[in-house]
Amino acid sequence: MSEDLRQPSAAPGGTPPATDGPSYLSHRQILITLSGLMAGMLLAALDQSIVGTALPRIVSDLGGLDKLSWVVTAYLLTSTASTPLWGKISDLYGRRLIFQAAIGTFLVGSVLAALSQNMIELVAFRAIQGLGGGGLMALAFATIGDIIPPRQRGRYQGYFGAVFGLSSVAGPLLGGWFTDGPGWRWIFWINLPIGVLALVVTSYALRMPTIRRNHKIDYLGATMIVASVSTILLYLSWRGVSYGWTEGGALALLAAGILLAVAFVFVESRASEPILPLRLFRNSVFTVSNVYGLIAGFVMFGAIIYLPLYLQVVQGLSPTASGLAMLPMMAGLFTSSIGAGRLITRNGRYKIYPIVGAAVIAVALWLLSNLHADSTLWTIGVFEYVLGFGLGLTMQTIMTAVQNAVHFRDMGTATSATTFFRSMGGALGTAVFGAILTSRLTSHMAETLSPAMAAKVPAGAAQNVSAIQALPPEVKAPVLEAFVRTLHDVFIFGVPFAVVAVVVAFFLKEIPLATGHTPASGSGSGSGDGEAEAEFAPTISH
């Protein structure tokens, strides 16, 4: 067994000793612990992929195409806003208990979403789901930071890739099968057995050192960040689209969001235990990584959410078939994620991957913007693979860089902050891309349909996938052309943001990855970053 992965002897009763520094586990202990983490991660990852293929049918049944972004945005809003709070609480009370609380919250939201009778209820219950989902990924990655040395994380990245690969394959297929078969509500019911399994596995397999600290939750800071994120997203997803971007109510929401963000910074600068310590931003790796994650999340969610819409509306695929058609993107993500992880473990270098990843994403978005109504599935599959390959180079690499650069005591907070900024980017991207879709579709419909043809389109038909497919051929063709032009605008809009992400990645400082030795008192965090060492010099007791 590698010396780098040994853990201190367990205390009487089998409980690992408490420390204020990392207690890295042996390979066998890591595998046992990962089984619990992966069960919870599967719950969140499966929900993200299983909902996508069912969205067109859901909005057709409960509301309309203009509400599509809200089903996603409600989840992203609450998961994004709650992520820093989950990370901070887990730093204070321990990972396992808080991880299980996140699972329980997610399951409650899933049951309520399955029982929803209209779009308002579904959006509200998806928000409850998001509260739990905000903790699942962040706490899983924080725990990984606790138990696996940065240099060795690539060795285990394949396991996480397997979870995302399984969810990516099973999610679209199950989503399509449930939608075509027993009904889309089963995409939420399926969470129950998986969630119960996750609770059982984490109870028995997730054994970690328990750290006791004097603690105080920054409730005012948590309230400020939730309020700020919520009002800004409401401006983007609701007032701006429905009432106009410069209408009084919309501007009031935007101003409130900005003022609340300023108030949050003021509160955090004076809090004894802030939700998001401002001192972390003095670490250049933390700051650059999160700026990159914000931009990458913006582009990533904007692209992934609207691919199933193209496949089902323009290509005329069923939800099940559209799920199968998304597999090339998942294969690309799986390939690059595992490959990058192994290379990082081998040579300890990580900066090149976010640079190349963002560049590949920019190329992929440009390719997707060139799709048309007659594009073959082979062409679509190649473009999707390129997109997935780029995404796989960005996701875990940034997390590894951040966890390597901060002190162990900030592991949960820093990890959840990284997840927060990526989710914030995703929420903003979903809202902005949704606004582009809604506004540009109206314009393109006016361009492609003559007044006589427009009169043949039933009210609301353009917002219902089934109704579009039922249109007469002479009307359906210009409607599909309007969708193609709209999705061209959606995808091409993301290209400059991906290019900006490339530029940001060049500013990422590459520091030696910690090899796994628990640092001695007064040493750095294991990152080798002088900047981090000066700011985060630890005091560790065993």
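Any value given below was found using the heavy atoms of this structure, including those in side chains, with hydrogens, waters and symmetry copies removed.
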Are any of the side-chain heavy atoms of [X] and [Y] separated by less than 4.5 Å?
X	Y	result
Leu487	Val313	no
Ser228	Phe264	no
Thr376	Ile380	no
Leu324	Leu317	no
Leu393	Ile361	no
Ile194	Leu197	no
Tyr385	Met329	no
Tyr292	Val503	no

Side chain of [X], backbone of [Y]: donor and acceptor closer than 3.5 Å?
X	Y	answer
Ser369	Phe491	no
Glu247	Gly249	yes
Ser289	Phe286	no
Ser116	Ala113	yes
Thr379	Ser375	no

From CA spacing to verdict: side chain to side chain contact (heavy atoms under 4.5 Å, CB included), Leu260, Thr231:
CA-CA 9 Å; Leu260 286 167; Thr231 51; 4.1 Å; yes
Rounded distance (nearest 0.5 Å) linking atom [atom1] of [X] with atom [atom2] of [Y]:
X	Y	atom1	atom2	result
Leu480	His372	CG	NE2	13.5 Å
Leu107	Leu112	CG	CG	11.0 Å
Arg440	Arg485	CZ	CZ	10.0 Å
Asp489	Ser443	CG	OG	9.0 Å
Met326	Leu307	CE	CG	5.0 Å
Gln100	Thr105	CD	OG1	12.0 Å

Which of parallel (below 30°), tilted (30 to 60°) and perpendicular (above 60°) describes Phe497 and Phe493?
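Ring orientation of Phe497 relative to Phe493: tilted.
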Not counting sequence neighbours, which residues clear salt bridge (Lys or Arg N to Asp or Glu O under 4.0 Å) with Arg185? List them please.
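Partners of Arg185 by the salt bridge (Lys or Arg N to Asp or Glu O under 4.0 Å) criterion come out as none, since no residue qualifies.
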Looking only at heavy atoms, which two atoms of [X] and [Y] are closest? And how far apart?
X	Y	value
Asn191	Ser110	ND2-OG, 3.0 Å
Leu441	Thr486	CA-OG1, 3.2 Å
Phe99	Gly135	CD1-O, 4.4 Å
Ile190	Phe178	CB-CE1, 4.1 Å
Val484	Leu371	CG1-O, 3.5 Å
Phe188	Gln129	CE2-OE1, 3.6 Å

Run Val479 and Met445 through side chain to side chain contact (heavy atoms under 4.5 Å, CB included) and show every step you take.
CA-CA 6 Å; Val479 169; Met445 291 276 283; 4.2 Å; yes
Can a side-chain donor-acceptor contact be found between Thr400 and Thr397 if the only test is distance below 3.5 angstrom?
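The answer is no; no qualifying pair exists.
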Just checking, any donor-acceptor pair under 3.5 angstrom between side chains of His488 and Asn370?
no
Can you give the donor-acceptor pairs under 3.5 Å from side chains of residues 351-360 to other protein atoms, not counting sequence neighbours?
from	atom 1	to	atom 2	distance (Å)
Lys351	NZ	Phe506	O	2.8
Lys351	NZ	Leu508	O	3.2

Please report whether the ring centroid of Phe298 lies less than 6.0 Å from that of Phe433.
yes
Testing Val288, Leu294, Ile295 one by one against Val291 for a side chain to side chain contact (heavy atoms under 4.5 Å, CB included), which residue passes?
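Only one of Val288, Leu294, Ile295 forms a side chain to side chain contact (heavy atoms under 4.5 Å, CB included) with Val291, namely Ile295.
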Report the C-alpha distance between Ile232 and Leu428 in whole Å, list the side-chain angles of each, state the deciding distance to 0.1 Å, and finish with yes or no for side chain to side chain contact (heavy atoms under 4.5 Å, CB included).
CA-CA 9 Å; Ile232 291 174; Leu428 291 172; 4.2 Å; yes
Counting only heavy atoms not in Trp186, do more than 12 sit closer than 6.0 Å to its CH2 atom?
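Counting neighbours around CH2 of Trp186, 12 or fewer heavy atoms of other residues, nucleotides or ligands fall under 6.0 Å, so no.
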Does Leu387 form a side chain to side chain contact (heavy atoms under 4.5 Å, CB included) with Leu367? I'd like the steps, not just the answer.
CA-CA 9 Å; Leu387 176 62; Leu367 292 172; over 6 Å; no
